[in-house]
Amino acid sequence: MAENQAEKRSRRGLLGFVFGRRGLWSKKCTADNGNKTPMRSSNASAPCTSNIQFTKSPGNELNSKKLQEYKVSPEPIQNQNQTQIQRPISKPLSNQYPNNNPGPVQQQARKVVPRESIGLSGELESMITDNQKAKGMMFGNLGNLKQPGTTAVGNQTTVQNSGYGRKTMEGERQTPVRPISVSNNQDQSGSLCRAISTRMDPETLKIMGNEDYKNGNFVEALALYDAAIAIDPKKAAYRSNKSAALTALGRILEAVFECREAIRMEPHYHRAHHRLANLYLRLGEVENSIYHIKRSGPEADQEDILKAKTVQMHLNKCTEAKRLRDWNNLIKETKNTIASGADAATQVYALQAEAFLKSYRHQEADDALSRCPVFDVEMNTKYYGPIGYAGFLVVWAQVHMSLGRFGEAVEAIQLAAKLDRNNREVSMVLRRVQAVTAARSKGNDFFKTGRFQEASAAYGEGLDHDSRNSVLLCNRAACLFKMGQFDRAIGDSTAALAVRPAYAKARLRRADCNSKLGNWELAIGDYEILRKETPEDDQVIRGLMEAQNHLVKRRGHENL
C-alpha cells in the first residue's frame, strides 16, 4: 500500500538546513511498501516532508525499563485449527492473552507431545543458536543496537562502533568486532526455516514465538517468526510480530520495514499502523508517526498525538537554534527531543555532536554520538539513502579526528565520499582529515627516532588544519618536554585538556612539566585527579609523592 503524500515527500527541514550544501542530510522518499527512490533535498519541486529526517548507525544501551516502554505485544493467538505444538510449553496465565482467548485448540496442543518432538526441538535449538550467531549476538544482547561494532569502512561495509554511533573505535575503549553481512544472515536464516517448514504449521510457530516474546526471549521469538514467514510469507500478522521482536532487540530500521510490509499486505491493520507510528516517532519522523496514529483505530489514543506534537515542537526549536548558530541552545533542545521520545533519531544525535564540536567540547561530542543507536551500513543506506547517511558519516569523521582516532576518521569520511561523491563539504573534510593524519604519522616517526624538533614541527603542521586537536597538542607537548621547554609544553597540555578534560595523558604531561618547574601545588592538583582515575598507576603515585615531599620541604624552609 502506498503511503500518504506526507510520507512520500523527501525530508528536507532541519537536516537540509543543518549541513546546508546540496542537501547533505536529505533522506530518500519512501512509501510504506519499502520501495525507495533516492532524492536530494535540493529538488524543491519534489513533494517532501519538512521533518528533520535522516539517520543511532558509530548509543546508549537500552535498559530493561526502556525495552518495556517500547515493547509492544505480538499479535494474539487466533482461535483456529492448529497443528499440535511440537514442544512442551508452559501453561499460560489467564491474563496472558488479553486480546484473544488462546482457545481449546492451543490447550489441547500443549497436552500432546509427539515422539518426534525431540528431533524437532533439536532443530529449533540449532536454528535459534545459528540465528543468534549470524546476527552477532547471544542471549540478552540488544542486536545491532549498541553492539560493539566494527571499523566499518575499510574492513567491512559496516559502520558500527567505528565511530558511526558507537562507543568503540577510540583506541582507549572497547575492541571492535566485525559484524556478519546482512545477506549471509538472511540466507542462513532462510535455509534453517526451510529445514523445518515441512514439519511445522506457521500458526503453531507464531504461538511458540509469542510465548518466547512474552518471556523476554526475543532472539528465539524472532527465529520462530522468521520460520512462520518462510512457510507463509503473505501473512501480515507474522510480519507485525517480527517487527515487535526486532524492536525489542533494538533493530529499529528493520522493524520499520517489517511493519511496512505488514501494512502493504493488510492496509487496515490497526496494530501494525500503531507499531509503525511508534517506530517513526523514535526515529524523529513526526509527520509519518501522526499519519499512522490516525490509522491505528482503537490501538491509538490522544496521548500518542500529544507525544508526537511535543517531539515536533522540540525539533522546530532545534531548527531555529541551528539557524542562529546558538550551539548551547541546540544542545539543550536535542536533549529535550531525545527525552521526549525520539531516542533513535540519529540525526538528532548528530546535531548534538556537531553543537558540541562547535563549542570545542570534543569529549562531550564523542559521548553524544556514543549514545546514538547503531545500525549497519547496508541498513542505513537502505533506509536513509546514500546521501543522507553520508551526512552522518561527516559528523562522525570530525568527532573521530578531534579525539585523535585518525584511522577511523579516514574510514568514515572515505565511505561518505563514496556515498556522495559530488558533495563539497565531504571533499573538504576528507582533505583535512588526510592532512592531519599524514602530519601525525610523520611526527610519530620523528619522535620514535629522537628527532624531537622535527616531530614538534610535524605535529604543528597538523594543528594548522585542526588547531584544537587534543592528540596533536599532547604529542607536541611531549616533544617540548623532551627539549626542556616546559612552559610551552604546559600550554599545549592545557589546550588539550580544555577540549577533552578526561584526557589522562595530557594531564600527566602537565603535571610532570609543573614538577620540573617546581610548581608543586599545580602538579599535586593534577596528580590527585589522576590518582582517582588510575589509583594503581605507579608513575602517578611516584610523581604525587615526590611533589608532596618537595612542597613540605619548601614550606618548612619558608617557616624558618
Side-chain angles (χ1 to χ4, degrees), residues 61 148 161 163 166-177 360-367 370 399-408 440-441 443-450 452 455-456 459 462-463 468-556:
E61 295 283 352
N161 277 6
R166 86 321 136 228
K167 209 166 184 173
T168 354
M169 289 332 207
E170 176 183 350
E172 304 173 317
R173 300 196 178 193
Q174 307 167 3
T175 302
V177 178
Y360 302 112
R361 296 157 66 179
H362 296 171
Q363 187 67 58
E364 292 174 270
D366 185 53
D367 292 340
S370 71
V399 171
H400 278 316
M401 186 173 69
S402 70
L403 296 184
R405 299 193 296 260
F406 301 103
E408 290 87 342
R440 180 248 194 177
S441 179
N444 286 354
D445 291 339
F446 283 133
F447 190 90
K448 291 175 183 177
T449 58
F452 303 120
S456 177
Y459 294 134
L463 289 167
R468 297 182 185 244
N469 189 282
S470 59
V471 172
L472 293 183
L473 287 167
C474 185
N475 286 2
R476 190 169 69 176
C479 297
L480 297 170
F481 180 88
K482 292 289 186 179
M483 294 187 291
Q485 301 180 30
F486 303 120
D487 286 326
R488 292 183 60 194
I490 289 174
D492 279 351
S493 298
T494 301
L497 289 169
V499 297
R500 191 178 171 189
Y503 195 5
K505 287 184 178 180
R507 190 170 297 280
L508 179 60
R509 190 85 60 210
R510 189 172 70 176
D512 290 343
C513 289
N514 277 315
S515 292
K516 292 292 184 180
L517 293 173
N519 300 326
W520 305 118
E521 294 91 342
L522 296 175
I524 289 173
D526 282 332
Y527 283 133
E528 288 284 4
I529 293 174
L530 290 168
R531 190 178 66 170
K532 292 178 181 178
E533 297 173 353
T534 56
E536 299 180 357
D537 191 312
D538 292 336
Q539 184 179 357
V540 172
I541 294 173
R542 287 195 303 269
L544 176 59
M545 292 180 63
E546 181 181 355
Q548 288 174 335
N549 290 335
H550 280 89
L551 181 60
V552 170
K553 290 179 181 179
R554 189 179 70 182
R555 289 177 176 174

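Under the side chain to side chain contact (heavy atoms under 4.5 Å, CB included) criterion, Ser456 pairs with Arg476, Cys479, Leu480, Met483, not counting sequence neighbours. Listed by chain and residue number, nothing satisfies the salt bridge (charged side-chain N to carboxylate O under 4.0 Å, His left out) test with Arg542 (two or more places apart in sequence, or in another chain). Legend: residues meeting side chain to side chain donor-acceptor pair (under 3.5 Å) with Arg510, ordered by chain and number and at least two apart, are Thr494, Asp526. Legend: residues meeting side chain to side chain donor-acceptor pair (under 3.5 Å) with Asp537, ordered by chain and number and at least two apart, are absent. In this structure Phe481 satisfies the ring pair (Phe, Tyr, Trp, His ring centres under 6.0 Å) test together with Phe486, sequence neighbours excluded. With sequence neighbours left out, the salt bridge (charged side-chain N to carboxylate O under 4.0 Å, His left out) criterion links Glu528 to Arg531. Scored by the salt bridge (charged side-chain N to carboxylate O under 4.0 Å, His left out) test, Glu521 finds Arg554 as partners (sequence neighbours excluded). Listed by chain and number, the residues in a side chain to side chain donor-acceptor pair (under 3.5 Å) with Ser470 are Arg500 (sequence neighbours excluded). In this view, Arg488 satisfies the salt bridge (charged side-chain N to carboxylate O under 4.0 Å, His left out) rule with no residue, not counting sequence neighbours. Residues forming a side chain to side chain contact (heavy atoms under 4.5 Å, CB included) with Ala506 (at least two apart in sequence, or on another chain): Cys474, Ala496, Leu497, Tyr503.
A heavy-atom distance below 4.5 Å is found between the side chains of Asn444 and Asn475. Counting heavy atoms from C-beta on, the side chains of Phe446 and Phe452 never come closer than 4.5 Å. At least one side-chain heavy atom of Ile490 sits less than 4.5 Å from a side-chain heavy atom of Leu517. Side-chain contact between Lys516 and Asp512 is absent, with no heavy atoms from C-beta onward closer than 4.5 Å.
Residues in residues 529-548 take part in no ring-ring contact (aromatic ring centres under 6.0 Å, His included) pair, two or more places apart or across chains. Among residues at least two apart or in separate chains, there is no ring-ring contact (aromatic ring centres under 6.0 Å, His included) pair with a member in residues 527-547.
The CG atom of Asn549 sits 9.0 Å away from atom CG of Leu544, with the distance rounded to the nearest 0.5 Å. Atom CH2 of residue Trp520 and atom CD of residue Gln548 lie 11.5 Å apart, to the nearest 0.5 angstrom. Distance CG/Asn469 to CG/Leu463: 6.5 Å, rounded to 0.5 Å. Interatomic distance, CD of Glu533 versus CG of Leu508, reported as 11.0 Å (0.5 Å rounding). Taking CD1 of Ile541 as the start and OG1 of Thr534 as the end, the distance is 8.0 Å to the nearest 0.5 Å.
Heavy-atom minimum distance, Pro501 versus Arg507: O-NH2, 3.2 Å. The minimum heavy-atom distance between Leu403 and Val471, with the atom names listed, is O-CG2, 3.4 Å.
Looking at Glu364 and Arg361, a side-chain N of the basic residue comes within less than 4.0 Å of a carboxylate O on the acidic one, giving a salt bridge.
The backbone N or O of Val399 sits nowhere less than 3.5 Å from a side-chain atom of Asp366 that would complete a donor-acceptor pair.
The side-chain tip of Arg440 does not point at the ring of Phe406 from less than 6.0 angstrom away and within 45° of straight on.
In this structure, Tyr360 places its OH atom where only 12 or fewer heavy-atom neighbours from other residues, nucleotides or ligands lie under 6.0 Å away.
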